[in-house]
Structures are given as structure tokens and as C-alpha cells.
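Okay, so here's the structure we're looking at.
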Amino acid sequence: MPKKKIKDQEQVLTNPIVIRVTLNEFNKLEKVRKESDCRSIGEVVRKILLKQPITYLHKDISMNGPMEELALIRKEIKAIGININQQTHRFHTSQNEAERAFFALKTASVYKQMEPKLEHLLSIVSKLAEKWLQRS
């Protein structure tokens, strides 16, 4: 994918500045690059020279467990929703009352499967909300 053309010619970076740094200094700059929104060491150095703010990105690893659990619950709820849609379709295409009653009962049982998942989901979300509000 080619680089976007800059319309304002005054913003084009055309004058290279070459400097040498020690391995320790280079490692510090690389660490800043990895932890920030900068895409290159050159961008880090440019922001430092121009005294522009560097935005650091922070990942809270304590959220990994709850996020994985939420993803699994989302997947399960989606599968249950697909089952409900299939049962509803079969209900509407069935010809006699016995089939309709069967599909209605089956759909009701699928809805009952979803209830504990939603309860668990709401408890996780409330815990996350408490944690979020504590930080603010």
C-alpha cells in the first residue's frame, strides 16, 4: 500500500538529520517507540526535539481474563441466537399445529439456556464497571 501524498508541501520531511547514539540510548528510544503511538524511532526523536507530547499506550493485563470470558459468552449467546432464529423459521414454515407446538417448546428451552449466560454476563459487566469507576 503506497504512502499517502501530503498536500501541504511545508509538512513534507525532506531534510535528514543523522545522529549517532549509544546502544543504551537507542534501547531507551526503542522502548519509548514500543510503548507509544509513534511508528518509528525517527518520529520519537522528532517529537522530543520539537517538544511535542508523546502519547503512551497502556494495556491493563488484569483485564485479559474478563475480556476472554466476555468473548466466550458473546460467542455462546450468538450461537443460541442463531438456534432461536432457526427454530422461529421452522415454526413459521411448519404446516400443522403439532409441529408449531413442538418448535415453540424447543424455542422456549433455548431461551432458558440463554438466561444463565446473560446473568453471568451482567455480573462480569457490573464488576468491570466498578473497577472502571474506581480509577476515575
Side-chain angles (χ1 to χ4, degrees):
M1 188 165 150
K3 198 172 178 182
K4 289 183 182 178
K5 299 283 182 184
I6 298 176
K7 294 178 182 175
D8 186 9
Q9 290 300 315
E10 289 183 17
Q11 290 186 350
V12 176
L13 305 174
T14 57
N15 301 313
I17 298 175
V18 179
I19 64 167
R20 296 193 185 280
V21 293
T22 64
L23 180 61
N24 190 26
E25 292 166 340
F26 181 82
N27 289 337
K28 286 180 184 176
L29 291 171
E30 181 64 24
K31 183 179 180 211
V32 170
R33 183 197 64 80
K34 286 180 181 176
E35 295 174 352
S36 70
D37 62 341
C38 297
R39 291 174 290 212
S40 67
I41 292 179
E43 188 175 352
V44 172
V45 172
R46 195 176 312 111
K47 284 188 174 189
I48 292 170
L49 282 174
L50 300 175
K51 296 180 181 171
Q52 294 176 343
I54 297 175
T55 306
Y56 282 87
L57 307 173
H58 175 72
K59 183 178 178 185
D60 187 0
I61 59 171
S62 68
M63 301 298 282
N64 285 353
M67 293 309 290
E68 288 175 8
E69 198 169 350
L70 286 174
L72 287 173
I73 292 172
R74 178 182 177 270
K75 187 177 177 182
E76 290 176 14
I77 290 174
K78 188 175 179 181
I80 292 170
I82 290 170
N83 288 346
I84 290 171
N85 287 341
Q86 290 171 347
Q87 295 300 325
T88 304
H89 176 72
R90 289 183 186 125
F91 174 82
H92 289 293
T93 58
S94 61
Q95 298 298 320
N96 59 31
E97 290 298 318
E99 281 183 20
R100 285 183 182 223
F102 171 75
F103 288 125
L105 290 174
K106 201 166 181 183
T107 303
S109 70
V110 172
Y111 267 112
K112 287 179 185 174
Q113 288 177 1
M114 191 181 288
E115 191 172 335
K117 304 288 182 196
L118 291 174
E119 299 274 335
H120 190 58
L121 176 70
L122 291 175
S123 70
I124 292 172
V125 169
S126 66
K127 288 176 188 174
L128 290 174
E130 287 175 16
K131 189 172 183 179
W132 179 270
L133 293 175
Q134 251 182 355
R135 290 183 181 177
S136 299

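For this chain, numbers begin at 1 and follow the sequence in order. In what follows, every heavy atom counts, from backbone to side chain, and hydrogens, waters and symmetry copies are set aside.
- In this structure, the separation between CD on E35 and CD on E30 is 10.5 Å, given to the nearest 0.5 Å.
- One finds the CG atom of N83 at 10.5 Å from the OG1 atom of T88 (value rounded to the nearest 0.5 Å).
- Distance alone, capped at 3.5 Å, is enough to place a donor-acceptor pair between the E25 side chain and the T22 backbone.
- Closest heavy-atom contact between Q87 and F103: OE1-CD2, 3.2 Å.
- Note: the hydrophobic cluster containing V45 does not contain V18 (ILVMFWY, side chain heavy atoms under 4.5 Å, direct or indirect links).
- L29 and V44 get closest at one heavy-atom pair: CD2-CG1, 4.0 Å.
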Hey, mind stepping through Y111 and I80 against side chain to side chain contact (heavy atoms under 4.5 Å, CB included) and telling me if it holds?
CA-CA 8 Å; Y111 267 112; I80 292 170; over 6 Å; no

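- By the neighbour-count criterion of 12 heavy atoms within 6.0 Å, atom NZ of K117 is sparsely surrounded, having that number or fewer from other residues, nucleotides or ligands.
- Of all non-hydrogen atoms in K47 and C38, the two that sit nearest each other are CD-SG, 3.9 Å.
- Comment: E115 does not engage K112 in a salt bridge, judged by the lack of any side-chain N to carboxylate O separation of less than 4.0 angstrom.
- The CG atom of L72 sits 11.0 Å away from the CD1 atom of I77 when rounded to the nearest 0.5 Å.
- Atom CD1 of I17 has 12 or fewer heavy atoms from other residues, nucleotides or ligands within 6.0 Å.
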Salt bridge (charged side-chain N to carboxylate O under 4.0 Å, His left out) between E43 and R46: does it pass, once the steps are laid out?
CA-CA 5 Å; E43 188 175 352; R46 195 176 312 111; 5.4 Å; no

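- The distance from the CD1 atom of I84 to the CE atom of M114 is 4.0 Å, given to the nearest 0.5 Å.
- In this structure, NZ in K31 is found 11.5 Å from OG in S36, a value given to the nearest 0.5 Å.
- Checking L118, V125, I124 one by one against I73, the side-chain contact (heavy atoms from CB on, under 4.5 Å) holds for a single residue, I124.
- A pairwise comparison of heavy atoms in R33 and I41 identifies CD-N, 3.8 Å as the closest pair.
- Counting heavy atoms of neighbouring residues, nucleotides and ligands inside a 6.0 Å radius, atom CD of Q95 does not exceed 12 of them.
- Note that NE2 of H120 and CD of E69 are 3.5 Å apart. Values are rounded to the nearest 0.5 Å.
- Linking ILVMFWY side-chain heavy atoms closer than 4.5 Å, directly or via other members, places L57 and V32 in two distinct hydrophobic clusters.
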